[in-house]
Amino acid sequence: MSIKALRTCVRVLICVLGVQMASAKSLFVATNGNDAWSGYSAAPAKNGKDGPLASVAEAIRRTRAARKDQSRAEIILRDGIHVLNEPIVLTADDSRLVISAYKNETPTISGQSVIGGWMNVEGNTNLWRAKVADEKLKAWNFRELFVNNHRKQRARTPNNGCFHLVGSMVDGQSNKVRYAGSDINPEWAKSGEVELMTHQLWAGSRNRIVAVDTNAHVVTLGGQAITKNKEDNARYFIENTRDALDKPGEWFFDAKVGEVFYWPDAGEDLTKARVTVPHLAELVLLNGTKDAPVHDVIFRGLKFADADWRLETKGYCDIQAAVRIHGTVRGQFANDCIVEQCEFTRLGNYAIEFGRGCMRDRVIGNIIHDIGAGGIRLAEPNRKASFANPSGQHEVADNLIYDIGVIYPPAVGIILFHSASNHIAHNEIHHTFYTAISLGWSWGYKPTPSGAN
């Protein structure tokens with residue numbers, strides 16, 4: 001028997017055994033469910049007194065309470081959008097848990113909020129506005145907006161292409177750059193929320209504008225904009241200012257007054273369209289520890305969508321590969337876990353990450369697209385920590401990854417940091433701005449954990 005055929009047989013056997021073992025402790029979750037019900041049936045009873053649960057969080061709470069022996073259990077999601085109020089957090093106590101889709105359905109685990117009540121802006125028939133009533137959502141200061149599941153451009157200038165810096169950093173200060181002509185509006189510094197994004201070689205930065213010297217043509221930023229990856233006259237653009245909202249498909253959120261503005265694309269009717277923004281940056285966290293790893297957790301047949309990206313006060317600046325950006329579905333000290341036949345879309349960060357202390361995890365047959373950073377991130381970039389808490393022996397196969405790096409262009413399709421004995425095969429990766437697959441993360445000749453990949 002060939003290796004490929006053997007693997008197929010093993011996968012089928014695992015699926016069959018998984019269903020058999022899960023059947024005794026399966027809970028169903030549906031958008032028309034009720035957290036007061038038993039969760040033991042896939043649809044509401046005719047008398048309306050029992051049926052599936054309403055939330056993934058309640059299903060996890062019940063399986064955790066019921067399984068003192070960590071026997072396998074399964075949470076089965078019915079079709080529809082399952083909106084999370086907070087990320088799903090699984091620990092060692094949740095090991096041997098399967099979260100899967102109901103047969104022939106594709107449920108979505110989402111961090112979305114719906115924005116409604118759109119009205120024309122007085123004096124400008126092109127623009128529409130909507131109040132954001134939810135105080136938590138206003139405080140979140142969301143950075144993505146989707147109309148009928150299509151990502152829209154946060155107001156930016158120039159609309160096409162980029163401006164160019166003049167030279168590199170100013171007087172050796174990495175948070176100061178020089179601009180040309182009238183490319184920078186000094187009023188942008190007053191907002192405190194206008195962002196300058198640079199493209200430099202294989203790196204990028206995003207920082208808030210905090211001061212503008214019009215005489216010297218110097219912009220002071222909230223954080224580091226230039227690293228050792230210096231590129232003279234590097235490209236940059238401006239985002240998140242109302243005066244850049246000047247073309248269809250652009251939007252702007254005024255967090256101070258709690259209003260969002262949007263210029264619809266051709267054919268969009270905001271009285272009928274579904275407009276959503278994210279209120280979470282992570283959807284799933286597998287939080288094991290060195291002494292108590294989470295293990296044998298399976299995600300199968302699900303869609304993970306609608307998660308945001310964040311910007312720290314000191315901004316963002318990487319040296320390569322969007323290295324500081326982590327996964328929306330992320331594990332640490334997570335062993336023998338599987339993510340298979342899932343879809344990841346409309347996310348702000350990397351899609352999937354198995355980081356510190358993760359061993360023998362499998363990412364199989366997933367579709368990953370419309371992603372802020374990269375597709376799959378394995379192990380960690382710290383060399384010394386990787387010796388102390390190794391991550392490896394993973395399998396990443398048969399995944400389709402495309403349209404990534406939409407927020408962080410230097411991100412990578414599949415990136416493997418300091419890690420050994422991994423198998424990466426038969427992945428189709430296209431429409432990236434940088435690298436498809438990167439392995440090693442080492443410069444120079446010091447020993448690393450990497451090898452046998």
Side-chain angles (χ1 to χ4, degrees), residues 141-144 153-246 250 252-256 281 308-326 348-349 372-373 381-382 405-411 433-434 443:
N141 197 359
F142 50 86
R143 288 173 164 78
E144 297 174 308
Q153 173 64 54
R154 197 162 62 145
R156 68 162 275 176
T157 187
N159 288 324
N160 300 301
C162 292
F163 296 130
H164 285 266
L165 300 176
V166 176
S168 184
M169 68 181 73
V170 176
D171 299 328
Q173 300 181 69
S174 61
N175 68 326
K176 291 187 176 184
V177 293
R178 187 170 282 111
Y179 65 94
S182 58
D183 291 346
I184 297 293
N185 182 347
E187 294 295 311
W188 293 341
K190 297 179 181 179
S191 162
E193 293 295 333
V194 180
E195 298 166 13
L196 185 151
M197 170 71 185
T198 66
H199 298 307
Q200 302 165 70
L201 301 176
W202 45 81
S205 70
R206 184 184 291 269
N207 290 277
R208 296 177 179 89
I209 295 174
V210 298
V212 178
D213 184 337
T214 55
N215 292 321
H217 281 213
V218 170
V219 180
T220 302
L221 302 167
Q224 187 180 20
I226 307 291
T227 67
K228 58 186 177 183
N229 303 332
K230 295 179 182 179
E231 179 182 349
D232 285 346
N233 308 322
R235 292 167 295 159
Y236 77 94
F237 61 87
I238 302 297
E239 257 191 14
N240 200 36
T241 173
R242 173 72 186 273
D243 57 358
L245 180 50
D246 57 2
E250 286 191 330
F252 172 74
F253 177 47
D254 189 334
K256 292 180 180 178
D308 214 349
W309 57 277
R310 311 302 294 150
L311 187 65
E312 300 173 2
T313 303
K314 292 185 178 181
Y316 167 83
C317 186
D318 71 45
I319 59 171
Q320 191 172 351
V323 63
R324 288 175 49 195
I325 305 304
H326 291 280
N349 297 323
N382 187 299
V406 297
I407 304 298
Y408 304 98
F433 294 100
Y434 186 43
W443 294 264

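All heavy atoms count here, side chains included; hydrogens, waters and symmetry mates do not. Since this is a predicted model, take the numbers as computed values, not measurements.
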Practice problem: With the side chain counted from C-beta on, respond yes when Ile407 and Arg206 share a heavy-atom pair under 4.5 Å apart, and no when they do not. | Solution: yes
Exercise. Calculate, to the nearest 0.5 Å, the distance between atoms OG and CZ belonging to Ser191 and Arg242 respectively.
Key: 12.5 Å
Quiz item: Under a 4.5 Å cut-off applied to non-hydrogen side-chain atoms, are Lys314 and Gln224 in contact?
Solution: no
Practice problem: Start with the C-alpha distance between Val177 and Tyr179, add both sets of side-chain angles, then the distance that settles side-chain contact (heavy atoms from CB on, under 4.5 Å), and finish with yes or no. | Solution: CA-CA 7 Å; Val177 293; Tyr179 65 94; over 6 Å; no
Quiz item: Do Asp243 and Glu187 come close enough that some side-chain heavy atom pair is under 4.5 Å?
Solution: no
Quiz item: So Phe163 and Tyr236, would you call those rings parallel, tilted or perpendicular, with 30° and 60° as cut-offs?
Solution: tilted
Quiz item: Can you check side-chain contact (heavy atoms from CB on, under 4.5 Å) on Glu195 and Leu311, steps first, answer last?
Solution: CA-CA 10 Å; Glu195 298 166 13; Leu311 187 65; 3.6 Å; yes
Practice problem: Apply side-chain contact (heavy atoms from CB on, under 4.5 Å) to Lys176 and Arg178, showing your working. | Solution: CA-CA 7 Å; Lys176 291 187 176 184; Arg178 187 170 282 111; over 6 Å; no
Quiz prompt | Spacing of CG belonging to Leu245 relative to CZ belonging to Phe252, to within rounding of 0.5 Å | solution = 8.5 Å
Quiz item: Out of curiosity, Ile238 CD1 to Ile209 CD1, how far, rounded to the nearest 0.5 Å?
Solution: 4.0 Å
Quiz item: Between atom CG of Asn141 and atom CG of Asp254, what is the distance when rounded to the nearest 0.5 Å?
Solution: 9.5 Å
Exercise. Give the C-alpha distance, both sets of side-chain angles, the deciding distance and a yes or no for side-chain hydrogen bond (donor to acceptor under 3.5 Å, both in side chains) between Asn159 and Asp246.
Key: CA-CA 9 Å; Asn159 288 324; Asp246 57 2; 3.1 Å; yes
Practice problem: Spell out, as yes or no, whether a donor-acceptor pair under 3.5 Å connects the side chain of Arg208 to the backbone of Gly223. | Solution: no
Self-check item: Mutual orientation of the aromatic rings belonging to Phe142 and Phe253 [parallel < 30°, tilted 30-60°, perpendicular > 60°]
Solution: parallel
Quiz item: Which heavy atom in Thr198 sits nearest to a heavy atom in Ser205, and how many Å separate them?
Solution: OG1-OG, 2.5 Å
Quiz item: Heavy atoms, side chains only, cut-off 4.5 Å: are Pro158 and Phe237 in contact?
Solution: yes
Quiz prompt | Contact summary for Ala281 and Arg310, nearest pair of heavy atoms | solution = CB-CG, 4.0 Å
Exercise. Measure across Asn349 and Asp308 and return the closest heavy-atom pair with its distance rounded to 0.1 Å.
Key: ND2-O, 3.6 Å
Practice problem: Check step by step if side-chain contact (heavy atoms from CB on, under 4.5 Å) holds for Tyr434 and Gln320. | Solution: CA-CA 10 Å; Tyr434 186 43; Gln320 191 172 351; 2.7 Å; yes
Self-check item: Arg143 side chain to Arg154 backbone, donor-acceptor under 3.5 Å
Solution: no
Quiz item: What are the two closest non-hydrogen atoms of Ile184 and Val212, and how far apart are they?
Solution: CG2-CG2, 3.8 Å
Self-check item: Interatomic distance, Thr157 atom OG1 to Asn185 atom CG [nearest 0.5 angstrom]
Solution: 10.0 Å
Exercise. Heavy atoms only: give me the nearest Ala203-Pro410 pair and the separation to one decimal.
Key: C-CG, 3.6 Å
Self-check item: Point-to-point distance, once rounded to the nearest 0.5 Å, from CZ of Arg235 to CG of Leu165
Solution: 11.0 Å
Self-check item: Closest heavy-atom pair and its distance - Pro409, His199
Solution: CG-CE1, 3.5 Å
Quiz item: Is the closest side-chain heavy-atom distance between Arg156 and Met197 below 4.5 Å?
Solution: no
Quiz item: Do Asn233 side-chain atoms and His164 backbone N/O form a donor-acceptor pair below 3.5 Å?
Solution: no
Quiz item: Is the number of heavy atoms from other residues, nucleotides or ligands under 6.0 Å of Glu312 CD greater than 12?
Solution: no
